[in-house]
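When a ligand or atom number is given, it counts from 1 through the structure's own listing order.
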Amino acid sequence: MYGMSGYDIFLSSPTMHGDEMKFVREAFDTNWVAPLGRNVDEFEKELAAYIGVGFGAALCSGTAALHLAYKWVGLRPGELVFCSDLTFSATVNPISYEGGRQVFIDSERETWNMNPAALALAFEKYPKPRAVVLVHLYGTPARIDEIRAICDAHGVPLIEDAAESLGATYRGRQTGSFGDLSVVSFNGNKIITSSGGGMLLSDDERAIVKARFWATQSRDPAPHYQHSEIGYNYRMSNVVAGIGRGQLLHLDEHIAAKKRIYFTYQGAFADLPIQMNLYLAESEPNFWLSCLTINEGCPVTPQQVMTALAGIRAESRPIWKPMHCQPVFAGCEFVTVADKPVSEDIFARGLCLPSDIKMTDADLARVIETVRDVFYV
Ligand SMILES: *Cc1c(COP(=O)(O)O)cnc(C)c1O
């Protein structure tokens, strides 16, 4: 264990298997550690095939992939993007890189994701956004059909932020295959990790070719260094892609382990005044993080549960603080159809439980006992 973290049981930390090293070694043996190389090309193909989309551009982060998605849809200064409100700031920061303005859309109760009714209301108020960005929070697919239909009715592109939901499905199709452009992340805490990285996915080959161009400093196809556009250094290295390829071989196994953790908690907490994060019958989450909300009226607070878990050196976290409550986005619009914003309510009553797949059964039992003790003192 890394001594400085203070935890023995983690929220979600990297789980390596050995296959990663084979691909990394190949990169070293052929002296293709960077830039690009075979691992990058193959990782793009393998991940796109897994998700069921035509093309992928391997990048240095999911945030970079989101940035290039906003550029591809042509986001210009002052234009609006309708965004999931309950998410990590990485979803929406790149909108500001391009001078765009976020309009935050409230959550619905079942999936904690964008409420289609609130999205429809946003289109009544602000008819011309440049794009909609939809997050599948904690690995739980959103109400994709409804949201896709609203976007299509208005002719507005959908960007799918599947950073947390790699491997989750909706009506049997992978998240990351529903957006005009989609983004996944291989950051250290995600369900698989390349140590850091992301991918932009699309069936539109032009978008992916352009993303690769922007990501390598927008070098024109000329024998000398010529640039007609502003570029970025956003590509994934061949070593990092090797780790990603090795991890992808174990994605399904990670999902199975996460699912087992979720259902173990659900069974063990059945009699507590809590609700585990729900999902739609037509979807199968990747169960990246097991979360719960404490029922209204129960005097136990999320902080009490988190403090108790820290007492056994187990890592838990608050729910993402809604974007419309962030100081940096204080000037942005927020659209809800509820009397009391649903995202704020989930934030106030919720927390993320230790969901690390390296937890032993004994670890899991200790976490469960610790949580139960907070409710039954
Ligand atoms: C992690 C994450 C990202 C960003 O991915 P990075 O690879 O860390 O840049 C974007 N959106 C969501 C919802 C995330 O959880």
K.L.:
Give a yes or no on whether a salt bridge exists between Asp356 and Lys258, defined as a side-chain N under 4.0 angstrom from a carboxylate O.
P.N.:
no

K.L.:
What protein heavy atom lies closest to atom 8 (O) of ligand 1? Include the residue and the distance to one decimal.
P.N.:
Asn187 ND2, 3.3 Å

K.L.:
Starting from atom 11 (N) of ligand 1, what is the nearest protein heavy atom, named by residue and atom, and what distance separates them?
P.N.:
Asp161 OD2, 2.7 Å

K.L.:
So which bit of Thr63 gets within less than 4.0 Å of ligand 1, heavy atoms only: side chain, backbone, both or neither?
P.N.:
both

K.L.:
Are Phe104 and His324 near enough that their ring centres are under 6.0 Å apart?
P.N.:
no

K.L.:
Flag the pair Lys210 / Lys71 as yes when at least one side-chain heavy-atom distance between them is below 4.5 Å, and no otherwise.
P.N.:
no

K.L.:
Geometry only, no angles: is Trp320 polar-contacting ligand 1 at N/O separations under 3.5 Å?
P.N.:
no

K.L.:
So for atom CZ, which belongs to Arg25, do other residues, nucleotides or ligands contribute more than 12 heavy atoms lying within a distance under 6.0 Å?
P.N.:
no

K.L.:
Taking the non-hydrogen atoms of Gly197, is any one of them nearer than 4.0 angstrom to ligand 1?
P.N.:
yes

K.L.:
What atoms in ligand 1 come closer than 4.0 Å to a heavy atom of Ala90?
P.N.:
3 (C), 4 (C), 10 (C)

K.L.:
Quick one: are the ring centres of Tyr279 and Phe287 less than 6.0 Å apart?
P.N.:
yes

K.L.:
Taking 4.0 Å as the limit for heavy-atom contacts, which would you say applies to Ser61 with ligand 1: side chain only, backbone only, both, or neither?
P.N.:
both

K.L.:
Side chains of Ile51 and Val184: does their closest heavy-atom pair fall under 4.5 Å?
P.N.:
yes

K.L.:
With a cut-off of 4.0 Å, which atoms of ligand 1 are near a heavy atom of Ala163?
P.N.:
2 (C), 3 (C), 10 (C), 11 (N), 12 (C), 14 (C)

K.L.:
Hey, is ligand 1 close enough to Glu164 that some N/O pair sits below 3.5 Å?
P.N.:
yes

K.L.:
Shortest non-hydrogen contact from Ala65 to Leu59?
P.N.:
CA-CD1, 3.4 Å

K.L.:
In terms of side-chain geometry, is the basic nitrogen of Asp152 or Arg148 positioned less than 4.0 Å from the acidic oxygen of its partner?
P.N.:
yes

K.L.:
How far is atom 1 (C) of ligand 1 from its nearest protein heavy atom, and which residue and atom name does that atom have?
P.N.:
Lys190 NZ, 1.6 Å

K.L.:
Using a 3.5 Å cut-off on N or O atoms only, is Gly62 in polar contact with ligand 1?
P.N.:
yes

K.L.:
Do we see a donor-acceptor contact under 3.5 Å between the side chains of Ser228 and Asp220?
P.N.:
yes

K.L.:
Among protein heavy atoms, which lies nearest atom 5 (O) of ligand 1, and at what distance?
P.N.:
Ser185 OG, 3.2 Å

K.L.:
Could you tell me, atom by atom, which parts of ligand 1 come under 4.0 Å of a heavy atom of Thr91?
P.N.:
11 (N), 12 (C), 13 (C)

K.L.:
Check each atom of ligand 1 against the heavy atoms of Thr87 and keep those under 4.0 Å away; list them by number with element.
P.N.:
13 (C)

